[in-house]
Structures are given as structure tokens and as C-alpha cells.
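A quick write-up on the structure given underneath.
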Amino acid sequence: MKIAVTSQNRKTITGHAGRCRKFWIYTLEESLVVDKSLLELSRDESFHDSDSNAPHPLDNMNILLTAEVGKGLSARLARKGIRVVVTQETDPDSAIKQLIEMTE
């Protein structure tokens with residue numbers, strides 16, 4: 001499973017998912033984090049500025065975890081089979097742990 005976490009400041013989970021250009025990418029295998037890396041998109045690759053019908057660097061994600069997301073982006077991601085999860089948690093690692101616990 002792959003989870004993208006919005007983190008414009010590279011420290012906390014941030015909102016404005018459509019304009020976000022920095023994402024922590026977590027790779028999980030059997031509920032364990034096996035990889036965490038930072039993906040930085042160009043301005044043209046942000047969801048807000050990219051073509052919703054074109055391939056996107058986050059198309060292979062299973063979940064987008066964010067502090068805030070609009071209805072348009074939620075619908076766009078749903079069409080691509082990406083589940084959106086909104087959290088109040090600000091720490092990416094803690095939010096991933098909570099998400100794993102909720103799905104077990």
C-alpha cells in the first residue's frame with residue numbers, strides 16, 4: 001500500500017492538498033512501514049495546476065492523507081481509485097500509525 005501525506009513544510013501534515021507540492025510517501029507491507037521518502041512536485045504538477053485527465057506522479061497511491069481537501073480534488077482522486085483521508089493529526093508518522101490501527 002502507498003500513502004501520500006501532504007507536507008508542504010516537510011514537517012507537519014498540511015492542508016490545501018490541491019496546491020501542495022511536497023508529499024511524504026509511505027510504503028506499507030502487511031501494516032508495517034517499509035519505506036518513507038519525500039516527493040517534491042513542480043508547480044505545474046500540483047493538483048490545482050495539472051490536467052485532471054493526464055497521468056500524475058501520485059496516481060499510484062492508495063490513500064492521500066491530508067489536513068484539508070476540497071470536493072473537486074476528492075472527486076478527482078476517487079475517479080483514480082485514491083481514497084482521501086482527512087486528519088486532525090499534525091505529525092505524519094503519528095497519523096500513519098493511527099491510520100494503520102484503524103484499518104487493522
Side-chain angles (χ1 to χ4, degrees):
M1 174 183 295
K2 287 192 167 267
I3 303 170
V5 181
T6 56
S7 186
Q8 191 61 30
N9 63 10
R10 299 184 193 129
K11 296 176 185 161
T12 61
I13 298 174
T14 53
H16 301 288
R19 295 208 181 265
C20 188
R21 294 178 36 220
K22 295 175 183 72
F23 298 82
W24 285 110
I25 306 299
Y26 289 80
T27 303
L28 279 64
E29 291 179 8
E30 298 182 20
S31 299
L32 296 173
V33 175
V34 295
D35 189 51
K36 176 185 174 184
S37 60
L38 184 67
L39 173 65
E40 296 190 49
L41 303 177
S42 68
R43 186 175 312 267
D44 292 341
E45 291 175 315
S46 73
F47 288 118
H48 184 267
D49 292 322
S50 62
D51 180 349
S52 64
N53 297 312
H56 190 272
L58 293 172
D59 281 350
N60 65 338
M61 296 297 119
N62 301 100
I63 296 173
L64 174 73
L65 184 61
T66 186
E68 176 186 342
V69 66
K71 290 179 185 179
L73 179 55
S74 290
R76 173 180 175 175
L77 295 175
R79 286 191 303 273
K80 292 182 179 238
I82 301 171
R83 183 175 144 214
V84 175
V85 176
V86 176
T87 183
Q88 299 287 322
E89 178 60 57
T90 58
D91 178 66
D93 292 340
S94 296
I96 291 292
K97 182 178 178 185
Q98 289 173 7
L99 185 62
I100 291 168
E101 290 171 356
M102 287 181 359
T103 58
E104 289 185 326

List for me each residue that meets side chain to side chain contact (heavy atoms under 4.5 Å, CB included) alongside [X], sequence neighbours excluded, and say none if there are none.
X	value
Asn62	Met1, Lys2
Asp35	Thr27, Ser37
Glu40	Arg10, Lys22, Leu38
Asn9	Ser7, Lys11, Thr12, Thr14

Tell me whether [X] shares a hydrophobic cluster with [Y], the cluster being built from Ile, Leu, Val, Met, Phe, Trp, Tyr side chains joined at under 4.5 Å.
X	Y	answer
Leu28	Ile63	yes
Leu64	Ile100	no
Ile82	Leu41	yes
Leu39	Val5	no
Ile3	Val85	yes

Under the ring-ring contact (aromatic ring centres under 6.0 Å, His included) definition, can you give me all pairs with a residue in [range], not counting sequence neighbours?
range	result
residues 65-97	none
residues 83-104	none
residues 66-104	none
residues 8-52	Phe47-His56

- Message: Whether the side chain of Glu68 engages the backbone of Ala17 through a donor-acceptor N/O pair (distance < 3.5 Å, no angle test) should be reported.
- Response: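 Checked: no pair found.
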For a 4.5 angstrom cut-off between non-hydrogen side-chain atoms, does [X] reach [Y]?
X	Y	answer
Ile25	Met61	yes
Arg43	Arg21	yes
Arg19	Ser46	no
Lys36	Asp93	yes

Which pairs, with at least one residue in residues 74-85 and sequence neighbours excluded, count as a salt bridge (charged side-chain N to carboxylate O under 4.0 Å, His left out)?
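Only Asp59-Lys80 qualify under salt bridge (charged side-chain N to carboxylate O under 4.0 Å, His left out).
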Please indicate whether Gln88 has more than 12 foreign heavy atoms, meaning atoms of other residues, nucleotides or ligands, lying under 6.0 Å from its CD.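 No, because the 6.0 Å sphere around CD of Gln88 holds 12 heavy atoms or fewer from other groups.
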Q.
If you compare all heavy atoms of Leu73 against all heavy atoms of Val69, which two are closest, and at what distance to 0.1 Å?
A.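 The answer is CD2-CG2, 3.7 Å.
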message: To check you understand the geometry: which heavy-atom pair defines the closest contact between Pro57 and Asn60, and what is its length?
response: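 Distance-wise, the nearest heavy atoms are O-OD1, 3.7 Å.
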* To do: Return the set of residues passing side-chain hydrogen bond (donor to acceptor under 3.5 Å, both in side chains) with Gln98 (not counting sequence neighbours), or none when no residue passes.
  =>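 With neighbours one apart ignored, the set is Glu89.
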Tell me who clusters with Leu32, hydrophobic residues only, linked when side chains sit under 4.5 Å apart either directly or through other members.
->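 Once heavy-atom contacts under 4.5 Å are chained together, Leu32 still belongs with nothing else.
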Using the test salt bridge (charged side-chain N to carboxylate O under 4.0 Å, His left out), find all partners of Asp49 that sit at least two apart in sequence or belong to another chain.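 By the salt bridge (charged side-chain N to carboxylate O under 4.0 Å, His left out) rule, Asp49 matches no residue at all.
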